[in-house]
**Student:** 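Here's a structure for you.
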4 protein chains.
Amino acid sequence: MSDKRRRRVPRQVREQQIIDMAVQVFAKRGYHPASVDEIAELAGISKPMVYLYLDSKEGLFLACLRREAERLATAFQKAARGVGSPEMRLWAGLSAFFAYVTEHRDSWVVLHRQTSELSEAITEEVARARRAVMAEVAGLVRDGIAEAAGPVRPGDEEADFVAHVLVGAADSLTDWMERHPGETPDRVARRLMNMVWVGMRNVLGGELWEPPEPPHAPEGPEAPDAPHAPDVPGPPSVEG
Amino acid sequence: MSDKRRRRVPRQVREQQIIDMAVQVFAKRGYHPASVDEIAELAGISKPMVYLYLDSKEGLFLACLRREAERLATAFQKAARGVGSPEMRLWAGLSAFFAYVTEHRDSWVVLHRQTSELSEAITEEVARARRAVMAEVAGLVRDGIAEAAGPVRPGDEEADFVAHVLVGAADSLTDWMERHPGETPDRVARRLMNMVWVGMRNVLGGELWEPPEPPHAPEGPEAPDAPHAPDVPGPPSVEG
Amino acid sequence: MSDKRRRRVPRQVREQQIIDMAVQVFAKRGYHPASVDEIAELAGISKPMVYLYLDSKEGLFLACLRREAERLATAFQKAARGVGSPEMRLWAGLSAFFAYVTEHRDSWVVLHRQTSELSEAITEEVARARRAVMAEVAGLVRDGIAEAAGPVRPGDEEADFVAHVLVGAADSLTDWMERHPGETPDRVARRLMNMVWVGMRNVLGGELWEPPEPPHAPEGPEAPDAPHAPDVPGPPSVEG
Amino acid sequence: MSDKRRRRVPRQVREQQIIDMAVQVFAKRGYHPASVDEIAELAGISKPMVYLYLDSKEGLFLACLRREAERLATAFQKAARGVGSPEMRLWAGLSAFFAYVTEHRDSWVVLHRQTSELSEAITEEVARARRAVMAEVAGLVRDGIAEAAGPVRPGDEEADFVAHVLVGAADSLTDWMERHPGETPDRVARRLMNMVWVGMRNVLGGELWEPPEPPHAPEGPEAPDAPHAPDVPGPPSVEG
DNA sequence: CATGAATGAGGTTTCATTCAT
DNA sequence: AATGAATGAAACCTCATTCAT
């Protein structure tokens, strides 16, 4: 309509524009419900261009996947790379991860394809089921700490946090088990217990882990000018 | 085709048969690529029956979701409910969870809708990206323990396990963050560190958590007759 | 649900019950969109009964058509039959017709299949088109009388009435023409002019035709106890 | 099939081609029984084109409705507009109407959606019922004139004509009544009597209305070059 | 007299994809 | 570099109708 500057644009630029819009649409709708028509229209070009540059819907989605995965990985690596202790580097990486997904919802949704791809009713049912599991686990967690630590009354928030860790870990370990056929559910469960049981109390008690002591590397996990992961904070500077 | 004995079957039975097949197909293909045609054919009936009983494709999927979610939840609860200490109960619940998803892959896939819903190429790309992340984290983990624990050389398996826990937890905490807007990535990362840093070493050292002391309930987490979650093991009985 | 008296019912009664409901549903939805399912459910029986008694959807509709057409015809005939002059009898018949269709909307709709059968949007478009034609004709009519009768300002209502007569007559004559291939549009138009041009002025002037002189037949068009066409009024008794 | 020259055709042209065929099919079959498949095939294109240009079956039908309604209205207006007296203009309009519907049966059927939409058996039943009503009314009419006018024996044709006018008018007035809730069937009947009783005798007597006197516009209602309503005749020129 | 179970056929609609300009 | 025109395939869903009880 008001197209005046939709001039001839070099391929690389166009490609990025297309992918930009595709990430938006795929995140909003999910893979199958997303239509190439909509993406092309949003990008301000015609469909044949999309096919010329990205080959197919699948190719387009793969391009999104690759670009976004690389950006997230880069954010993590940039933060984790450095001189600090491994402990510090892990922390920095995690911080960067959380900062990145906070800033780039669409990117994360496309990579993880949570929500969407399904109608609202279905999405809601899935969320409901997951919430029920969380509540169950959180209750168990609260009981555990209450009995073990006496008067400590863990807040709902902390218990919920622990529940998310446990459930997320369990989800993920399901994949791990698949590649370790010898492992039994029992052993996996014990390992997970081993890993989280001690630390759980700290969290429920409201403690916050502190970087042990930055001996003489003042910047710790630094990410000076990460162009796409803007705010990986150094230890003290905590952004809103 | 082969069976001519497709006789009149009461509604409740047919409904379960349909859902049985639907879970299979949805797990294999994902929601959108799955076709009601295929489900009906597998169930040995015609499409209109599916619509008569389950209303729509979405209704069918919701029915799958509800039934499978309830079965999984029941398996967990049955195991976790009991007299033992919370610690024991959590362990029992986790064991039951892993046992259940081991036995019922389709159920878990439908509930989690990981793979599928996307073409093979895309699924593979997603898996690749996730593997890359895992490897990165596992490396960090290995470094950490190597430096901290001196001569201990953690096996790849253990490091990979820890990485799965961390990545799964991070995934899940992304949802948690969404409902706690005040939280900063920095604080979330610290909490996670707090929870796992200590226990991580145990795992990497190859330790296996042991039920503290079963005072006078010698069988630990028992699930005597779980109808659908067959093998929630007591500590010693480990199934293949 | 609260079926207590849905006992064995003799065929003739059941048939009428079915037709009763069918008239309702066909009137509301139109022939094709109406579903036998809905009719059966409303009638409180199962579908096979409908087929047993009325053979098919078409048979069911034909039964509706016949019964309702007969009722309307009966109402007309009962009123028009009698001792009065033909003028009076025609008037009585028309009165009975208008009374009947006023009382039995569904019946009329099924017979005339106006509205319905089409989605709301389409119905509305049809109505719009018809209104436009009416307005055009009414304007012409108003102009005609204004010029011809000097100061008489016909009300909108009267002009609209005349327009309806003209348009309805034209619609109907379209069928008539089909069976008189020799007739030209020109001759048909002249005939119609001939028939309405004089009387038009009376109507526009607000005059009301009066039964010439009811000599000594005090009841005029009577319909003493018409069971289904309750209110064919004698000349003076005008119901609300 | 036969024509290989199905070349790229600009949108506006294709749209009209599609609507052309749709009018045919809708007229032949009625709205619901008509299938988009058939329309597309007749138009020599594939179904998706129909949906691309007209959005939906309903949209397609609406497009037919609008175009045909406008053409008919235009034919009427073009003829009725002019210098003659209102009487003449009304006559000219009616002439044009009858000429148009004579030439464009499909157009009229779609607009009026009489026949069709129903199976042949049902259509026939409807026609039968209507014929019965017509016969009844025609009988009344013949009686009336016979008694009132003495030796005049109105032909069947004339009585049938009058009956069509009366029945068509009554149909149409049913709608009018709906928008005038205060009116009673009695008053409506009187009005209709008022309007037609006098003119009826003229028609039954075989008289033909003559344009009063075309003062100095000798050709009466002319429509010199109506592109789509070819034969709106001036008084003398009567086409076959 | 009465019905729950079952289906074949067909409808509208949408989409990814390509041709011809 | 870019696009309007066009389509094959397949999806979901509904309905009138019939068995077998």
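Residue numbering restarts at 1 for every chain, and letters A, B, ... go by the order of the sequence lines. All of these numbers come straight from a predicted model, not from anything done at the bench.
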**Student:** Over how many whole Å does the gap from A:Leu52 atom CG to E:dA20 atom C1' extend?
**Tutor:**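 Going from A:Leu52 (CG) to E:dA20 (C1'), I get 15 Å.
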**Student:** For residues 43-64 of chain C, which residue pairs pass the salt bridge (charged side-chain N to carboxylate O under 4.0 Å, His left out) check, not counting sequence neighbours?
**Tutor:** C:Asp37-C:Lys47
**Student:** Between C:Tyr53 and C:Leu60, is any pair of side-chain heavy atoms under 4.5 Å apart?
**Tutor:** no
**Student:** Report which part of the nucleic acid B:Arg11 touches: base, sugar-phosphate, or nothing (heavy-atom distance under 4.0 Å, all strands).
**Tutor:** sugar-phosphate
**Student:** Could I get the full list of salt bridge (Lys or Arg N to Asp or Glu O under 4.0 Å) partners for A:Glu38, not counting sequence neighbours?
**Tutor:**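 Result, salt bridge (Lys or Arg N to Asp or Glu O under 4.0 Å) vs A:Glu38: A:Arg29.
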**Student:** For B:Phe61 and F:dC12, give me the distance from atom CZ to atom C1', rounded to whole Å.
**Tutor:**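 Rounded to whole Å, this separation is 16 Å.
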**Student:** Could you state the atom-to-atom distance from CD of A:Glu38 to P of E:dT14 in whole Å?
**Tutor:** 14 Å
**Student:** Are any protein N/O atoms closer than 3.5 Å to N/O atoms in nucleotides 13-15 of chain F? If there are, list each pair with its distance.
**Tutor:**
from: F:dC13; atom 1: OP2; to: B:Tyr51; atom 2: OH; distance (Å): 3.1
from: F:dC13; atom 1: OP2; to: B:Lys57; atom 2: N; distance (Å): 2.9
from: F:dC13; atom 1: N4; to: B:Lys47; atom 2: NZ; distance (Å): 2.4

**Student:** With hydrogens left out and only the distance checked, is there a donor-acceptor pair under 3.5 Å joining C:Arg14's side chain and the base of E:dC1?
**Tutor:**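 A donor-acceptor contact between them is absent.
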**Student:** In whole angstrom, give the distance that lies between atom CZ of B:Phe26 and atom C1' of F:dA11.
**Tutor:**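 Taking CZ of B:Phe26 and C1' of F:dA11, I get 13 Å after rounding.
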**Student:** Identify, with sequence neighbours excluded, every residue that meets side chain to side chain donor-acceptor pair (under 3.5 Å) alongside B:Gln17.
**Tutor:**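 So B:Gln17 forms a side chain to side chain donor-acceptor pair (under 3.5 Å) with B:Arg14.
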**Student:** Just one of A:Val110, A:Val36, A:Ile39 clears the side chain to side chain contact (heavy atoms under 4.5 Å, CB included) bar with A:Val25, so which one?
**Tutor:** A:Ile39
**Student:** For A:Tyr31 and E:dC15, give me the distance from atom OH to atom P, rounded to whole Å.
**Tutor:** 13 Å
**Student:** Tell me, what's DNA chain F's dot-bracket, Watson-Crick or G-U with both distances under 3.5 Å, | for other-strand, [ ] crossing?
**Tutor:** .||||||||||||||||||||
**Student:** Do the rings of B:His32 and A:His32 sit parallel, tilted or perpendicular, given the 30° and 60° boundaries?
**Tutor:**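 Parallel, since the angle between the ring planes stays under 30°.
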**Student:** Could you tell me the separation between the CD atom of D:Gln17 and the C1' atom of F:dA5, rounded to a whole number of Å?
**Tutor:** 13 Å
**Student:** Taking atom C1' of E:dG4 as reference, at what distance in whole Å does atom CD of C:Glu41 sit?
**Tutor:** 14 Å
**Student:** Classify the ring geometry between D:Phe26 and D:Tyr31 as parallel (under 30°), tilted (30 to 60°) or perpendicular (over 60°).
**Tutor:**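 Rings of D:Phe26 and D:Tyr31: parallel, under 30°.
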**Student:** I need the CG-P distance between C:Leu54 and F:dT17, as an integer number of Å.
**Tutor:**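 Going from C:Leu54 (CG) to F:dT17 (P), I get 12 Å.
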**Student:** Measure from the side chain of B:Tyr53, starting at C-beta and using heavy atoms only, and say which of E:dT7, E:dA5, E:dC1 lies closest.
**Tutor:** E:dA5
**Student:** Answer yes or no: is there an ion pair linking A:Arg66 with A:Glu70, defined by an N-O contact shorter than 4.0 Å?
**Tutor:** no
**Student:** Applying side chain to side chain donor-acceptor pair (under 3.5 Å), can you list everything that pairs with C:Gln16, at least two apart in sequence or on another chain?
**Tutor:** C:Arg67
